[in-house]
Amino acid sequence: MKTVRLTMAQALVRFLAAQQVERDGAPQRFFEGCFGIFGHGNVTGVGQALAKDASLLTYYQARNEQAMVHAAAGFARMRNRLATLACTTSIGPGATNMVTGAAAATINRLPVLLLPGDVFASRRPDPVLQQLEVASRGDVSVNDAFIPVSRYWDRIQRPEQLVPAALAAMRVLTDQAETGAVTLSLPQDVQTEAYDYPAEFFEPRVWHVGRSVPDATALNRAAQLVRDARRPLIVAGGGVIYSAATDALSAFVKRTGVPVAETQAGKGSLAYDHTGALGAIGVTGTLAANRIAATCDLVIGIGTRYSDFTTASKTAFAGEGVRFVNVNVASFDALKMGGLALVGDARATLEALDERLRGWTVEPAYRDECEKLGGEWDREVSRLYQLGHGPLPAQSEVIGAVNELSGPRDVVVCAAGSMPGDLHKLWRTRDPKGYHVEYGYSTMGYEIAGGLGVKMADPSRSVYVMVGDGSYLMMCQEIVTSIQERMKLTIVLVDNQGFASIGGLSRSKGTAGFGTLYRYRADGSLGDDAAHREGEALPVDLALNAQGLGAHVFRVQSVEELRDALVAAKKIERTVVIHIATDRYEGVPNYESWWEVPVAEVSKSPEVKKARGEHERASARRRWHL
Ligand SMILES: Cc1ncc(C[n+]2csc(CCOP(=O)(O)OP(=O)(O)O)c2C)c(N)n1
Ligand SMILES: [Mg+2]
């Protein structure tokens with residue numbers, strides 16, 4: 001047997017560079033590079049291997065480990081999970097900084113390969129710098145914290161163990177039902193140990209991503225349910241986009257007249273002006289989608305995991321006897337809501353269902369009703385885009401300006417705060433990959449880092465990152481990486497002096513926006529928003545901060561100036577930050593939906609008591625969907 005003598009880390013880098021993925025024909029590289037931040041736990045192991053074979057796997061220096069996982073996840077999402085980036089870190093804090101990124105990737109079902117360094121397998125120099133000592137267990141390290149947030153986890157205790165572990169990692173990363181974060185924990189000594197690896201391990205290997213279809217019985221049953229339905233509704237999730245099923249969906253909707261509502265991850269499944277498009281569904285949904293959801297008799301969920309935002313905490317689908325048919329690669333998701341499970345690829349399954357529904361369409365009256373609601377919604381969007389609110393503009397006007405001045409193929413990126421909900425309702429998506437809001441984990445700090453990954457995945461598109469001041473303060477440092485990699489981002493920094501979303505939530509539940517405004521405390525105030533408003537503004541200048549990180553900065557005071565800056569930004573080659581202050585109290589309304597957030601059962605406050613009463617009334621509408 002031909003062997004190659006390499007260190008474990010060198011073998012790992014060679015293996016990663018040889019992995020390819022194929023769906024519908026053309027194989028492509030699975031790992032397009034490796035993000036990293038070096039420390040004593042990886043600089044001489046994986047670091048040496050990356051430096052030795054720099055042409056094998058491009059190394060990207062990041063600024064924060066959590067951020068680099070977000071960038072890798074953003075990259076993977078943009079590439080429909082058919083490619084990603086690896087992430088290498090030192091041991092200890094460098095490693096555990098990736099835990100949040102791992103959770104975000106796993107919850108969003110996005111493949112990322114995490115390679116945290118780990119303490120010596122030999123245990124000879126214990127305790128090493130940054131080692132957690134557990135008196136009762138010799139085999140535990142901080143990297144065990146990755147276990148619940150990884151879809152596959154292993155610790156490479158001997159160099160030859162890399163062979164089965166790397167293959168298992170690839171199996172999980174490329175399996176569309178299993179994918180998420182994969183963690184290979186790499187003890188720092190083992191990274192540098194040599195072994196005679198079989199040469200075959202490094203041969204190009206193509207991982208096939210198939211398009212499976214459910215069995216005929218399940219498909220026939222589903223088709224019968226659709227034929228029997230009078231008011232069917234498709235809920236399109238991220239799976240529609242990952243499976244590249246958007247054309248198939250568009251054709252199906254045109255032919256049958258079944259309307260489509262979109263989840264956050266599924267937004268872009270249909271162009272916003274498609275006749276069957278009802279827009280966003282659920283807590284952050286449109287009036288059109290939520291009205292139809294409330295009265296539909298069959299939900300066809302495609303590639304959705306039915307989060308509480310989608311189901312309005314199980315109150316959205318209020319029709320008596322409403323049934324669910326769920327198309328999903330994962331049986332775990334397909335079986336939710338008591339649904340008839342169609343376990344399979346979204347595109348192939350939709351096509352198979354379409355064949356069985358030849359000649360069938362919804363009643364013209366239902367088609368007209370949906371179209372009318374869709375049209376009314378579009379007028380509501382126009383109203384919110386042109387609110388003319390003052391003296392500070394409303395966030396909806398900022399969204400309108402960015403939407404109108406970005407190109408149809410450009411991508412908007414966001415993750416947390418009040419913007420994801422407003423974008424879900426208001427963004428006019430024109431391309432299946434044009435809307436990228438991380439709302440599975442809704443990680444403050446994803447925005448700029450994730451935007452970097454999106455841009456790296458498709459440099460031919462302009463990337464508009466919409467970030468709140470709170471999220472910006474949590475994680476803005478990848479601006480530096482975007483400049484280093486010449487990956488231009490246009491970042492719109494929406495400054496409303498703190499956590500507008502949580503402040504609003506707090507006020508709506510009777511707790512006055514406590515602890516959500518960035519201000520000095522007014523004398524005697526306990527931190528509620530109203531009292532804080534009287535306090536002095538903090539001497540914080542986020543635009544100056546962005547400038548200090550190397551961005552080209554525009555400070556704008558109005559929507560007009562924002563529009564000018566967006567036009568001027570197109571000509572600038574490096575990352576741009578446009579800073580705009582907005583009115584924290586001017587939000588986009590809720591359209592007949594409810595989100596379950598618990599409220600104190602006992603309190604002396606009349607506002608809290610009132611909120612508790614509303615909570616109890618609303619939660620009585622919750623359904624089991626068994
Ligand atoms: C890492 C993290 N911490 C806390 C939260 C809870 N949270 C959700 S939105 C939000 C405030 C976001 O503030 P900002 O980015 O300014 O957006 P705004 O609400 O003002 O629109 C907080 C604290 C979160 N989603 N992520
Ligand atoms: Mg804010």
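What you see is a predicted model; the values in this text were computed from it and never measured.
With sequence neighbours left out, the salt bridge (Lys or Arg N to Asp or Glu O under 4.0 Å) criterion links Lys336 to Asp333. Asp410 is linked by a salt bridge (Lys or Arg N to Asp or Glu O under 4.0 Å) to nothing, counting only residues two or more places apart in sequence or in another chain. Remark: Arg409 engages Asp458 in a salt bridge (Lys or Arg N to Asp or Glu O under 4.0 Å) (not counting sequence neighbours).
Using modelled atom types and a 3.5 Å distance limit, the side chains of Gln484 and Arg63 yield a donor-acceptor pair.
The side-chain hydrogen bond (donor to acceptor under 3.5 Å, both in side chains) test with Ser141 singles out one residue from Arg155, Gln130, Gln131, and that residue is Arg155.
Note: His436 NE2 to Ile241 CD1 = 10.5 Å, rounded to the nearest 0.5 Å. Here the CD atom belonging to Glu478 is positioned 10.5 Å from the CD1 atom belonging to Ile491, to the nearest 0.5 angstrom. Taking CZ from Phe35 and OH from Tyr60, the interatomic distance works out to 7.5 Å, rounded to the nearest 0.5 Å. Here the NE2 atom belonging to His552 is positioned 9.5 Å from the NZ atom belonging to Lys488, to the nearest 0.5 angstrom.
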Exercise. Should Ile399 and Leu423 be marked as a side chain to side chain contact (heavy atoms under 4.5 Å, CB included) after you check the CA-CA gap, both sets of side-chain angles, and the distance that decides it?
Worked result: CA-CA 7 Å; Ile399 290 172; Leu423 287 165; 3.9 Å; yes
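Between Val13 and Ala49, the shortest heavy-atom contact is CG2-CB, 3.8 Å. The two residues Gly450 and Val413 have their closest heavy-atom pair at C-CG1, 4.4 Å.
A side-chain hydrogen bond (donor to acceptor under 3.5 Å, both in side chains) check over residues 464-473, counting only residues at least two apart or in different chains, returns the pairs Glu447-Ser471, Tyr472-Asn545.
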Extract all donor-acceptor atom pairs below 3.5 Å that involve side chains of residues 85-93 and protein atoms in other chains or at least two apart in sequence.
unit_1 : atom_1 : unit_2 : atom_2 : d
Thr88  : OG1    : Asn42  : ND2    : 2.9
Ser90  : OG     : His40  : N      : 3.4
Ser90  : OG     : Gly41  : N      : 2.9

For residues 194-210, please give each side-chain donor-acceptor pair under 3.5 Å, one per line with the distance, not counting sequence neighbours.
unit_1 : atom_1 : unit_2 : atom_2 : d
Tyr197 : OH     : Pro159 : O      : 2.7
Trp207 : NE1    : Gln19  : OE1    : 2.7
His208 : ND1    : Glu22  : OE1    : 2.6

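Other residues, nucleotides and ligands place no more than 12 heavy atoms under 6.0 Å from the CG atom of Asp247.
With ring centers used as reference points, Tyr59 lies under 6.0 Å from Phe38.
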